[in-house]
Amino acid sequence: MRTAVVLFTSDLRVHDHPPLRSALASCERVVPLFVRDRRVAEAGFDAPNRVAFLADCLADLDAELRARGGRLIVRSGEAADAVAEVVRETGAVEVHLAAGVSGYAQARERRIRAAVGRLGGVLRVHDAVVTVVPPGAVVPSGKGADHFAVFTPYARRWAGEGTRDPLAAPRAVRVPDGVRTESLPAREDVDGVSPGLARGGETEGRRRLTAWLRGPVRAYARRHDDLAGDATSRLSPHLHFGTLSPTEIVRRAREKGGEGAEAFVRQVCWRDFHHQVLAARPDAATEDYRPRDDAWRTDGDEAEAWRRGRTGYPVVDAAMRQLRHEGWTHNRGRLLAASFLTKTLYVDWRTGARHYLALLVDGDVADNQLNWQWVAGTGTDTRPNRVLNPVRQGRRYDPDGAYVRRWVPELAGIRGPAVHEPWKLPARERAACGYPEPVVALADGLARFQSARGLDVTRRS
DNA sequence: TAATTCTTCGA
DNA sequence: CGAAGAATT
């Protein structure tokens, strides 16, 4: 009787799960294992919103496994130690794991391989679980670059790769008797969770995907940047935790077809793009991908005003308050709030990235850090001096001001797009609403950035 | 064939 | 500006 361990990481699902299916194909007994890795907490990665969402995911994964005769085994500690422990206890001969991209994931894989090898077992790492196209599967033609540094050429090649066939969920999972498990973490036990946090779990993810593809995706190309319309998929946390398979998402979206589905698939491609950058350059999580010799301002009152949603720029504050309330923000809100911090306040992108990671339920090293770098101009943006003007962005993506009124109650009484420039209101009305004055004049903020970068032209957009 | 130069284009 | 791909040597 052969036993395999399947270590679940960012792939908390039973549908389209190559490690699980592969383990079941070669072994009669399988131990589905999740390790609450103390390294994650030590790295400050245990944000309440994600811990709470994770609790939903684990509960649902356990239920899905139980429906198939199995159950989820939960352990705490360091991943490689816990895996070795389970291998020793069960006499497992194989360990299956989805390939990860971060420095943490890469190191974890090395440690597990060594630990399993010492016990005479073998580690099998599976590609195309966390991403659609594995990092390194497409590289620029010609001279030996190991990854793409520009999105568009990557997207062309990525689209040409196609996808593997999604795997069905297994019918039965037989777990060896008597394997010790800790109790599942409970969402209710997590403190500091955003009140409007979404529910996690594969069942919820699949429900959302089906509902999304049935209708709203059709309008995605047209409405994805409409802040108030909130017409995005909201599937990002499910992609982060792997409660949905990106391969299955792309496959089903392509089957659906249309310009909305196509634009949506392109966003999944962005995710793969960032994953392949980080896989090749794990240090880009903390270091400038393309150093520009920036003399960033450090954390201070202005950054704190930004975190609190009190910059005095309504659409920026709306995004920051939505982030705190839901643990999630519209992508356009993320971009313009990030641009405001890095370009207008000229504060180090790491300060912003840290705050996003502290709150975002979909907070992901690859996507978060590299999107921040993109905005900050130290990343893969081919126009590193692009500045998003918060007033123009507001008027463009929240033309009626509904998004601002929804998230900034001080301004809820102001009708129409005037809400984007509260400083133009009569002094009495301004004082009465209690909304803060701008932390910095746009021109002054821009001047900081431009002089630091040695620019002389005022950019727009 | 591989290195060099040219052209195009970018959330 | 600089990456990517094509053209050129």
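Heavy-atom basis, side chains included; hydrogens, waters and symmetry copies ignored. Residue numbers start from 1 in every chain, and the chains themselves are labelled A, B, ... in the order their sequence lines are given, proteins ahead of strands.
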In whole angstroms, the gap separating C1' of dA4(C) from NE2 of H147(A) amounts to 13 Å
Can any side-chain N or O of Y313(A) pair as donor or acceptor with the backbone N or O of V440(A) at less than 3.5 Å? yes
Greater than 12 external heavy atoms within 6.0 Å of E161(A)'s CD: yes
Whole-Å gap separating C1' (dG10(B)) and CZ (R266(A)): 11 Å
Please name all residues satisfying side-chain hydrogen bond (donor to acceptor under 3.5 Å, both in side chains) with R290(A), sequence neighbours left out, ordered by chain then number. none
Tell me which nucleotide among dG5(C), dA11(B), dA3(C) gets nearest to the side chain of N331(A). dA11(B)
When rounded to whole Å, the CZ to P distance for the pair F273(A) and dA11(B) reads 8 Å
Check the pair W349(A) / D288(A) against side chain to side chain donor-acceptor pair (under 3.5 Å), numbers first and verdict last. CA-CA 9 Å; W349(A) 63 267; D288(A) 288 356; 2.9 Å; yes
Minimum-distance nucleotide to R292(A) side chain [options: dG10(B), dG5(C), dG2(C)]: dG2(C)
Give a yes or no on whether a salt bridge exists between D348(A) and R354(A), defined as a side-chain N under 4.0 angstrom from a carboxylate O. no
Report yes if the side chains of Q450(A) and Y346(A) come closer than 4.5 Å at any heavy-atom pair, otherwise no. no
D191(A) atom CG, neighbour heavy-atom count above 12 within 6.0 Å: no
Is a donor from one side chain sitting under 3.5 angstrom from an acceptor on the other, for D299(A) and T351(A)? no
Is the phosphate of dG10(B), meaning OP1 or OP2, less than 4.0 Å from a side-chain N or O of T152(A)? no
Less than 4.0 Å between a side-chain N and a carboxylate O, is that true for R292(A) and D294(A)? no
Write down the distance between NE2 (H330(A)) and C1' (dA11(B)), rounded to a whole number of angstrom. 14 Å
Sub-3.5 Å pairs of nitrogen or oxygen atoms, protein against nucleotides 7-9 of chain C:
none

When the distance from OH of Y397(A) to P of dA11(B) is rounded to whole Å, what number comes out? 14 Å
Distance in angstrom units between D288(A) CG and dG2(C) P, rounded: 14 Å
For Q373(A), side-chain hydrogen bond (donor to acceptor under 3.5 Å, both in side chains) partners two or more places apart: T378(A)
Within this structure, what is the OH-to-P distance between Y154(A) and dA11(B), rounded to whole angstrom? 14 Å
Ignoring backbone atoms, test whether R290(A) places a side-chain nitrogen or oxygen under 4.0 Å from the OP1 or OP2 oxygen of dA3(C). yes
For Y356(A) and W372(A), take the angle between the two ring planes, folded into 0 to 90°, and tell me which bin it lands in: parallel under 30, tilted 30 to 60, perpendicular over 60. perpendicular
Regarding the side chain of R157(A), the nearest nucleotide among dG5(C), dA11(B), dA3(C) is dG5(C)
Close residues, residues 366-380 of chain A, relative to DNA chain B [heavy-atom separation under 4.0 Å]: N371(A), W374(A)
Could you check which residues of residues 230-237 of chain A get a heavy atom under 4.0 Å from DNA chain B? Sort them by number, please. none
Got a sec, which residues hit side-chain hydrogen bond (donor to acceptor under 3.5 Å, both in side chains) with D225(A), two or more places apart in sequence or on another chain? R332(A)
Would you mind reading off the distance between D381(A) atom CG and dA11(B) atom P, rounded to a whole angstrom? 7 Å
